[in-house]
Protein chains: 2
Amino acid sequence: MSENRERQERILAAAAELFVHYGYDKTTVDDIAREAGVSKGAIYLHFKSKDELFETLLVSEMQTYAEKWLELIDADPKGGTLAAMYKNSLYALNSSAFMAAMFKQDSRVLGNYLRKPDNFFRVMRDAQQESERYVFVKMMQDAGALRKDMDAKVIAHIMDMLAYSLVGIDDVLPNQDKPPTEDIIEGIAEIMDRALTPEGGGDSEAGKAILQQIAEASRQQLGIMKEAEQE
Amino acid sequence: MSENRERQERILAAAAELFVHYGYDKTTVDDIAREAGVSKGAIYLHFKSKDELFETLLVSEMQTYAEKWLELIDADPKGGTLAAMYKNSLYALNSSAFMAAMFKQDSRVLGNYLRKPDNFFRVMRDAQQESERYVFVKMMQDAGALRKDMDAKVIAHIMDMLAYSLVGIDDVLPNQDKPPTEDIIEGIAEIMDRALTPEGGGDSEAGKAILQQIAEASRQQLGIMKEAEQE
DNA sequence: ATATGACCAAATTTGTAATTCTGGTCAATA
DNA sequence: TATTGACCAGAATTACAAATTTGGTCATAT
């Protein structure tokens with residue numbers, strides 16, 4: 001990795017930590033520079049503005065999330081089933097506080113950035129016709145990895161609900177004896193496995209093939225966004 | 001119903017509507033009096049303070065919710081299974097905007113009431129050792145209406161997650177083509193039925209018996225709270 | 001060529017005095 | 001006796017100037 005690239009990574013890492021802890025509003029460019037051990041000017045050699053830095057971080061976190069997801073699936077013996085794939089997406093989501101904040105649109109972290117008229121999230125929502133989750137579930141169903149008698153749109157939405165509440169429920173419903181997150185995710189996986197796997201078991205290999213396909217498309221889309229952002 | 005009692009109901013109904021629409025902070029006692037068609041003084045003949053009115057409403061909504069739940073179960077042919085019971089709790093929750101706001105601790109509705117040091121919700125949380133949902137799930141498991149190989153605490157928590165996200169996900173994740181709520185609830189019910197019902201089917205009658213038991217306990221607890229509130 | 005941090009205009013926050021609003025009371029009324 | 005609404009003290013909001021902070025720049029240093 002070039003020295004320049006390495007410094008950019010350091011800046012982004014510092015920014016991620018500060019944004020998660022203090023939020024977009026309370027984190028200043030000076031803070032980021034100090035935390036990353038560079039001068040403020042250096043930040044502006046990498047990013048045109050605070051917002052561009054922030055948006056680069058958003059994209060970067062999404063990429064990291066996608067890669068982590070793929071890794072987990074690859075390492076999972078049952079990785080090709082719909083339930084296992086979904087489960088691993090939850091682990092991936094849960095592994096990054098910043099990504100979790102993005103997913104639940106945490107206003108404490110995203111702050112006034114959310115109010116900007118054409119922020120990253122709005123643009124993304126307007127751009128996509130169908131939710132990524134739905135596309136994924138639909139493909140899995142067509143490939144025989146999800147029972148035909150389930151409505152893919154409904155399943156996709158329930159999956160979003162569970163992901164959302166996995167990272168968001170603590171904010172509003174403090175539960176004294178909440179089970180460990182891992183137990184929750186495994187519980188969800190078991191439920192999904194029983195409820196969604198077609199009779200006779202789904203085709204695990206077909207599932208993995210689909211994932212590669214989606215991953216590739218996703219990488220392309222993120223690449224495009226990264227370019228769009230440079231302008 | 002006594003004339004006095006009827007007026008109290010009218011006040012509470014008016015308050016519920018205003019609180020849901022404008023929130024606790026922006027709803028004044030004058031507003032409530034006007035909406036209910038009574039004088040402000042009359043409000044204070046029924047309630048010692050705005051907060052007492054509010055808390056009476058909280059308890060009243062919980063009672064209505066519990067009754068609605070029982071009704072739905074009674075009317076449901078499969079009402080005794082765990083999945084059907086849970087499903088009906090979601091319908092009951094979804095049928096009252098105020099109850100939904102309570103469940104998700106919606107700060108737009110509950111406003112500064114939530115900041116009060118010993119508000120209803122804090123008192124309730126401190127009072128109860130185990131979550132109601134867990135008690136319910138555990139009893140159902142002991143009665144043979146939930147597979148033994150599932151952890152009741154985990155299942156209870158996942159049920160809370162789904163309930164929370166059912167009423168809360170719209171606030172942060174606007175989904176252009178979200179399925180109708182009824183389809184979502186039925187989808188959840190189907191998933192739960194497949195995943196939680198023991199081999200050979202659960203004992204539906206035992207389930208209903210348990211519910212009556214819990215309903216009775218719940219009625220008692222709410223009665224106690226109502227008294228505690230009078231002070 | 002690269003990197004820095006002093007510097008600045010604009011935005012945000014703070015302090016605070018004036019104003020409005022609101023929960024609660026109670027003398028007057030029906 | 002039961003009910004009302006004018007009234008009031010304290011709370012909340014507004015207005016706005018002063019002070020501070022912050023995103024971004026660029027002359028200077030390395």
Side-chain angles (χ1 to χ4, degrees), chain A residues 1-12 14-15 18-19 21-58 107-108 110-120 229-231, chain B residues 1-12 14-15 18-19 21-58 107-108 110-120 229-231:
Chain A
M1 178 151 42
S2 76
E3 212 167 296
N4 201 272
R5 177 82 198 170
E6 192 183 15
R7 188 171 63 172
Q8 173 150 334
E9 295 294 330
R10 222 171 52 246
I11 292 170
L12 287 174
L18 292 171
F19 284 134
H21 197 98
Y22 300 103
Y24 174 86
D25 298 336
K26 299 264 178 209
T27 300
T28 71
V29 177
D30 279 289
D31 291 338
I32 297 170
R34 200 177 319 116
E35 180 78 15
V38 302
S39 69
K40 178 149 80 156
I43 301 250
Y44 285 90
L45 293 176
H46 289 276
F47 309 98
K48 226 174 65 242
S49 66
K50 182 186 180 183
D51 281 4
E52 190 185 292
L53 186 164
F54 193 72
E55 280 159 7
T56 303
L57 182 59
L58 296 181
S107 62
R108 281 169 315 192
L110 274 18
N112 284 325
Y113 176 77
L114 288 176
R115 298 201 207 287
K116 312 222 171 195
D118 51 356
N119 70 51
F120 178 83
E229 215 166 90
Q230 302 297 338
E231 293 156 25
Chain B
M1 178 151 42
S2 76
E3 211 166 299
N4 203 272
R5 178 82 197 170
E6 193 183 16
R7 188 170 64 172
Q8 173 150 334
E9 295 295 330
R10 221 169 56 243
I11 293 169
L12 287 173
L18 293 171
F19 284 135
H21 197 97
Y22 300 102
Y24 174 86
D25 298 336
K26 298 263 178 211
T27 300
T28 71
V29 177
D30 280 290
D31 290 338
I32 297 170
R34 200 177 321 117
E35 180 78 16
V38 301
S39 70
K40 179 148 78 155
I43 302 248
Y44 285 90
L45 293 176
H46 289 276
F47 310 99
K48 226 174 66 241
S49 66
K50 181 185 180 183
D51 281 3
E52 190 185 293
L53 186 163
F54 193 71
E55 279 158 6
T56 303
L57 182 58
L58 296 182
S107 61
R108 282 169 313 191
L110 275 18
N112 284 324
Y113 177 77
L114 288 175
R115 298 201 208 287
K116 312 222 170 195
D118 51 356
N119 69 51
F120 179 83
E229 216 166 90
Q230 303 297 338
E231 291 155 26

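Numbered from 1 within each chain, the chains take letters A, B, ... in sequence-line order.
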Trainee: With respect to the side chain of A:V29, which nucleotide from D:dG23, C:dG23, C:dG24 is positioned closest?
Mentor: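 The nucleotide sitting nearest to the side chain is D:dG23.
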Trainee: With a 4.5 Å cut-off on side-chain heavy atoms, are B:D51 and B:Y24 touching?
Mentor: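 Yes - at least one pair of side-chain heavy atoms lies under 4.5 Å apart.
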Trainee: For the pair made of CG in A:N4 and P in C:dA1, what is the distance, rounded to whole Å?
Mentor: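 One finds 15 Å between P of C:dA1 and CG of A:N4, rounded.
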Trainee: Identify which nucleotide among C:dG24, D:dT3, C:dA3 has an atom closest to any side-chain atom of A:L45, counting heavy atoms from C-beta outward.
Mentor: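 Among C:dG24, D:dT3, C:dA3, the one nearest the side chain of A:L45 is C:dA3.
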Trainee: Is the closest basic N to carboxylate O distance between B:E9 and B:R5 below 4.0 Å?
Mentor: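 Looking at B:R5 together with B:E9, the answer is yes, because their closest N to O distance falls below 4.0 Å.
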Trainee: What is the distance, to the nearest angstrom, from the CD1 atom on B:I43 to the P atom on C:dC26?
Mentor: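 It works out to 18 Å between those atoms.
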Trainee: Is the charged tip of B:K50 near the ring of B:Y113: under 6.0 Å from the six-membered ring centre and within 45° of its axis?
Mentor: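 Judged by the rule, B:K50 and B:Y113 form no cation-pi pair.
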Trainee: When the distance from CD of A:E6 to P of C:dA3 is rounded to whole Å, what number comes out?
Mentor: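 Computing the A:E6:CD to C:dA3:P distance gives 13 Å.
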Trainee: From CG of B:D25 over to C1' of C:dC21, roughly how many Å is that when rounded to an integer?
Mentor: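 Rounded to whole Å, this separation is 13 Å.
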Trainee: Separation of B:D30 atom CG from D:dC8 atom P, in whole Å?
Mentor: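 In whole Å, D:dC8 P lies 16 Å from B:D30 CG.
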Trainee: If the plane angle is over 60° it's perpendicular, under 30° parallel, otherwise tilted; pick one for B:F19 and B:F54.
Mentor: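 It falls in the perpendicular class, over 60°.
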Trainee: For C:dG23, does the base pair up with any side-chain atom of B:K40 as donor and acceptor (N or O, under 3.5 Å, distance only)?
Mentor: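 Yes, the side chain and the base share a sub-3.5 Å donor-acceptor pair.
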Trainee: Please figure out whether B:G41 or A:A42 has its closest DNA chain C nucleotide nearer the 5' end.
Mentor: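 Mapping each residue to its closest nucleotide by heavy atoms, the 5'-most match is A:A42.
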Trainee: From C:dT4, C:dG24, D:dG24, pick the nucleotide closest to the side chain of A:S39?
Mentor: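 Of the candidates, C:dT4 comes closest.
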Trainee: Nearest whole angstrom, please: distance from the C1' of C:dT13 to the CG of A:N112.
Mentor: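 Nearest whole value for this atom pair: 13 Å.
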Trainee: Just to confirm, is there a sub-4.0 Å distance from OP1 or OP2 of C:dT2 to any side-chain nitrogen or oxygen of A:R7?
Mentor: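 Result: no.
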Trainee: Between P on C:dA3 and CZ on A:R34, what's the gap in Å once rounded to a whole number?
Mentor: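 Going from A:R34 (CZ) to C:dA3 (P), I get 20 Å.
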